[in-house]
Participant: 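Please read through the structure below; I'll follow up with questions.
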Amino acid sequence: MILLSNREELLARIRAQMHEKRYQHTLGVARSARELAERYGADPAKAELAGLLHDYCKCWPVEKMFEILVRHDMPTELLEGEKELWHAFAGAIVIQYDLGVTDPDILQAVRYHTTGRAGMSLLEKVVCVADYIEPNRSFPGVEKIRALADKDLDAALALALGGTIQFLIEKQKTVYPLTLIAYNDLVSRKGKEGGF
């Protein structure tokens with residue numbers, strides 16, 4: 001699955017891509033992802049690895065990410081949208097080619113950890129929620145998302161995505177279509193099952 005010889009080498013490669021605060025966040029996401037995977041039945045090793053790799057390109061210059069995205073024919077709405085989303089899509093490409101990660105579950109979890117999408121896999125949900133609730137996170141509403149994550153992963157993810165959508169609207173920023181689709185998908189599925 002990964003071409004690096006050991007965990008220490010992988011951690012060193014990850015750490016070299018980012019500043020210390022982002023690295024500590026990354027470790028927190030990996031731990032939270034493993035815990036959520038164990039609670040909800042996803043593969044804990046895949047969840048931890050996806051958590052470690054989710055922000056691999058986060059601190060890269062936007063020009064470098066843009067070049068990668070263009071070279072791999074990413075959608076125009078992504079390229080013309082918020083640059084904050086680019087690291088996830090670029091990261092999924094880079095970890096495949098530079099680190100040898102070929103597991104499609106891990107690649108998808110990295111690719112969609114910022115936007116979500118309709119029909120997210122359990123692993124994708126785990127990594128996305130872990131990114132919101134890891135212990136270093138501090139924003140209005142995080143405690144409620146953490147509490148929900150202990151009981152209902154989908155409810156926690158819907159609340160997190162809804163908060164992101166609301167935040168972007170308040171800041172008069174564009175909302176990436178996949179995020180709206182992911183939120184609507186979660187809410188409509190739960191509506192059919194009797195709500196959150």
Participant: Side-chain contact, heavy-atom cut-off 4.5 Å: Asp55 with His113?
Facilitator: yes
Participant: Establish, yes or no, whether a centroid distance under 6.0 Å links the rings of His19 and His25.
Facilitator: no
Participant: Just wondering, do Leu10 and Leu53 contact through their side chains at under 4.5 Å, heavy atoms?
Facilitator: yes
Participant: Quick check: closest heavy atoms across Leu178 and Phe89, and the distance to 0.1 Å?
Facilitator: CD1-CZ, 4.5 Å
Participant: Do Tyr132 and Thr164 get their side chains close enough for a donor-acceptor pair, meaning under 3.5 Å?
Facilitator: yes
Participant: Does any non-hydrogen side-chain atom of Leu122 lie less than 4.5 Å from one of Leu153?
Facilitator: yes
Participant: Just checking Tyr183: does its OH atom have more than 12 heavy atoms from other residues, nucleotides or ligands closer to it than 6.0 angstrom?
Facilitator: no
Participant: Drop me the distance from Arg111's CZ to Leu85's CG, to the nearest 0.5 angstrom.
Facilitator: 14.0 Å
Participant: Measure across Leu161 and Thr179 and return the closest heavy-atom pair with its distance rounded to 0.1 Å.
Facilitator: CD2-CG2, 4.1 Å
Participant: Check the pair Asp131 / Arg137 against side-chain contact (heavy atoms from CB on, under 4.5 Å), numbers first and verdict last.
Facilitator: CA-CA 8 Å; Asp131 190 27; Arg137 287 286 201 197; 3.1 Å; yes
Participant: Are any of the side-chain heavy atoms of Leu27 and Tyr23 separated by less than 4.5 Å?
Facilitator: yes
Participant: CG of Leu49 to CG of Leu52: how many Å apart, nearest 0.5 Å?
Facilitator: 6.5 Å
Participant: Closer than 4.0 angstrom, basic N to acidic O: yes or no for Glu84 and Lys58?
Facilitator: yes
Participant: Do the charged groups of Glu48 and Arg7 touch, with an N to O distance under 4.0 Å?
Facilitator: yes
Participant: Charged N to carboxylate O under 4.0 angstrom, Asp150 versus Arg39?
Facilitator: yes
Participant: Given side chains that start at C-beta, do those of Trp60 and Val94 come closer than 4.5 Å, heavy atoms only?
Facilitator: yes
Participant: Any side-chain heavy atom of Thr26 sitting closer than 4.5 Å to one from His54?
Facilitator: yes
Participant: I need the Thr174 OG1 to Glu82 CD distance, nearest 0.5 Å.
Facilitator: 4.0 Å
Participant: What are the two closest non-hydrogen atoms of Ala37 and Ala47, and how far apart are they?
Facilitator: CB-CB, 3.6 Å
Participant: Should Glu143 and Arg146 count as an ion pair when the cut-off is N to O under 4.0 Å?
Facilitator: yes
Participant: Are Arg71 and Glu67 within salt-bridge range, i.e. N to O under 4.0 Å?
Facilitator: yes
Participant: Please identify which of these residues, Val127, Leu157, Asp154, Val126, meets the side-chain contact (heavy atoms from CB on, under 4.5 Å) condition with Met120.
Facilitator: Leu157
Participant: Identify the two heavy atoms, one from Leu36 and one from Ala130, that lie closest to each other, and give their separation to 0.1 Å.
Facilitator: CD1-N, 3.8 Å
Participant: State, yes or no, whether a side-chain contact exists between His87 and Thr114 at a heavy-atom distance under 4.5 Å.
Facilitator: yes
Participant: To the closest 0.5 Å, what do you measure between CG (Leu159) and CG (Asp152)?
Facilitator: 11.0 Å
Participant: Do Lys46 and Asp103 meet the salt-bridge criterion of a basic N to acidic O distance under 4.0 Å?
Facilitator: yes
Participant: Does Arg31 use its side chain to pair, donor to acceptor, with the backbone of Glu134 at less than 3.5 Å?
Facilitator: no
Participant: Using side-chain heavy atoms (C-beta onward) and a distance below 4.5 Å, is Tyr56 in contact with Arg13?
Facilitator: yes
Participant: What are the two closest heavy atoms between Ala149 and Tyr40, and how far apart are they?
Facilitator: O-OH, 2.6 Å
Participant: Answer yes when Arg34 and Glu38 have at least one side-chain N-carboxylate O distance shorter than 4.0 Å, and no when they do not.
Facilitator: yes
Participant: Please report the shortest heavy-atom distance between Glu8 and Asn6, naming the atom on each side.
Facilitator: N-OD1, 3.1 Å
Participant: First locate atom CD1 of Ile93, then atom CG of Leu69, and finally report the distance between them rounded to the nearest 0.5 Å.
Facilitator: 5.5 Å
Participant: Do Leu99 and Val29 land in one hydrophobic cluster if side-chain heavy atoms of ILVMFWY residues count as linked below 4.5 Å?
Facilitator: no
Participant: Could you measure the distance from the CG atom of Asp43 to the CG atom of Asp105? Nearest 0.5 Å is fine.
Facilitator: 8.5 Å
